[in-house]
Amino acid sequence: GSNAKKDADGNDMVAAEMIRTMEDTLYARPGVDRKGAQALLDVYLLYAKQHPLDSLTPEYIFRGASIKSTLGDPQGAIELYDRIIRDSPHWRKIPDTYYLKAFTIDNGLQQKGEAQRAYQMVIDKFPDHPFAKDAAQMIENLKYTDEELIQRFQAMNADSGQTQAAK
């Protein structure tokens, strides 16, 4: 109700504190606690539903997308990234959101064509952001199979190893 504790940004402090406690508990444990992760995801999405215009909401949806990826649901993660792009286009982490969406399409769904378009969008929208450079590198890597990439990395490491030895 109207007597909920709010911070300066109008965020629900009680809910935010509860979420922080859940995060601390979950991430203190080794490995993936699937039940704990799912519970945290549910709480993030509930917060977003109850406080759609809140400044914490895109952050929680963003963290929720990461959990979906961890739990093996890349499509669900992409839907959450799309939701942030749609509902919070001016959020400070919007470049990260576009980049992670592309990365999830690439690694989670293995859809190279779709991933290339998503990476290109990062470059087009945020040409001066560090993620634009990363996206360009990822597009370059899409041309190669996993085996070819491994060979390329090994060759690059071998080159840098030789320069070390030469010194």
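Just so you know, residue 1 is the first one in the sequence shown, and it goes up from there. The model shown is predicted, which means the values in this text are computed figures rather than measured ones.
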ask   = From T104 OG1 over to L109 CG, what is the distance, rounded to the nearest 0.5 angstrom?
value = 8.0 Å

query = Does the gap between the ring centers of Y98 and F126 come in under 6.0 Å?
reply = yes

ask   = Can you find a pair of side-chain heavy atoms, one from K101 and one from D82, that are under 4.5 Å apart?
value = yes

query = Any salt bridge between R63 and E59, counting N to O under 4.0 Å?
reply = yes

request  = Calculate, to the nearest 0.5 Å, the distance between atoms NZ and CD1 belonging to K133 and I123 respectively.
outcome  = 12.0 Å

message = Rounded to the nearest 0.5 Å, what separates atom OG in S55 from atom OH in Y60?
response = 9.0 Å

Closest non-hydrogen atom pair between T145 and E148, with its separation = N-OE1, 2.9 Å

task = Determine the minimum heavy-atom distance between I105 and A115, stating which atoms define it.
result = CG2-N, 3.5 Å

ask   = Do the side chain of T97 and the main chain of K93 share a donor and acceptor less than 3.5 angstrom apart?
value = yes

query = Can you name the closest pair of heavy atoms from A77 and A65 and give their distance?
reply = CB-O, 3.3 Å

query = Between T57 (side chain) and A48 (backbone), is there a donor-acceptor pair under 3.5 Å?
reply = no

message = Using modelled atom types and a 3.5 Å cut-off, is there a donor and acceptor pairing between side-chain atoms of E114 and backbone atoms of Q111?
response = no

inquiry  = Using a 3.5 Å distance criterion without hydrogens, assess whether the side chain of N107 forms a donor-acceptor pair with backbone atoms of F103.
reply    = yes

inquiry  = Please determine whether residues L142 and I150 belong to a single hydrophobic cluster, defined as Ile, Leu, Val, Met, Phe, Trp and Tyr linked transitively by side-chain heavy-atom distances below 4.5 Å.
reply    = no

query = Is the closest side-chain heavy-atom distance between Y27 and L40 below 4.5 Å?
reply = yes

inquiry  = Hydrophobic cluster membership, with links at side-chain heavy-atom distances under 4.5 Å among I/L/V/M/F/W/Y: are Y119 and L100 in one?
reply    = yes

inquiry  = I'd like to know if K112 pairs up with D106 as an ion pair, taking the criterion as any Lys NZ or Arg NE/NH1/NH2 lying under 4.0 Å from an Asp or Glu carboxylate oxygen.
reply    = no

query = Run the side-chain contact (heavy atoms from CB on, under 4.5 Å) check on D33 and T25 step by step: do they pass?
reply = CA-CA 10 Å; D33 168 6; T25 307; over 6 Å; no

request  = With side-chain contact (heavy atoms from CB on, under 4.5 Å) as the test, would you mind laying out the steps for Y99 and M138 before giving the verdict?
outcome  = CA-CA 10 Å; Y99 182 79; M138 296 306 266; 3.5 Å; yes

query = If you measure from the Lys or Arg side-chain nitrogens to the Asp or Glu carboxylate oxygens, is any gap between E23 and R20 under 4.0 Å?
reply = no

ask   = Should the pair E79-K68 be classified as a salt bridge under the 4.0 Å nitrogen-to-oxygen rule?
value = no

ask   = Between CD1 of I19 and CD of E17, what distance do you get to the nearest 0.5 Å?
value = 10.0 Å

remark   = Heavy-atom nearest pair, I94 first then I85, reads CD1-CA, 3.9 Å

request  = Look at atom CZ of F131 and say whether more than 12 heavy atoms of other residues, nucleotides or ligands are closer to it than 6.0 Å.
outcome  = yes

remark   = In terms of heavy-atom contacts, D54 and D12 come closest through OD2-N, 3.9 Å

message = Count I, L, V, M, F, W, Y as connected when their side-chain heavy atoms are under 4.5 Å apart, and connections chain through other members. Are L56 and Y44 then in the same cluster?
response = yes

note = Rounded to the nearest 0.5 angstrom, the CZ-CD distance for R152 and E147 is 14.5 Å

inquiry  = Quick check: do L80 and R83 have side-chain heavy atoms less than 4.5 Å from each other?
reply    = yes

request  = Evaluate side-chain contact (heavy atoms from CB on, under 4.5 Å) for L41 paired with Q38, printing each intermediate quantity in order.
outcome  = CA-CA 5 Å; L41 175 62; Q38 186 60 55; 3.7 Å; yes

request  = Give a yes or no on whether L53 and Y47 share a hydrophobic cluster (residues Ile, Leu, Val, Met, Phe, Trp, Tyr; joining criterion: side-chain heavy atoms under 4.5 Å apart).
outcome  = no

Hydrophobic cluster identity match, V14 and L46, side-chain contacts under 4.5 Å = no

task = Of all the heavy-atom pairs spanning P89 and D87, show the shortest one and how long it is.
result = CD-C, 3.4 Å

message = How long is the straight-line distance from CD of Q151 back to CD of Q154, given to the nearest 0.5 Å?
response = 7.0 Å

ask   = Do other residues, nucleotides or ligands put more than 12 heavy atoms under 6.0 Å from the CE atom of M22?
value = yes

query = Parallel under 30°, tilted from 30 to 60°, perpendicular over 60°: which one fits the rings of W91 and F62?
reply = perpendicular

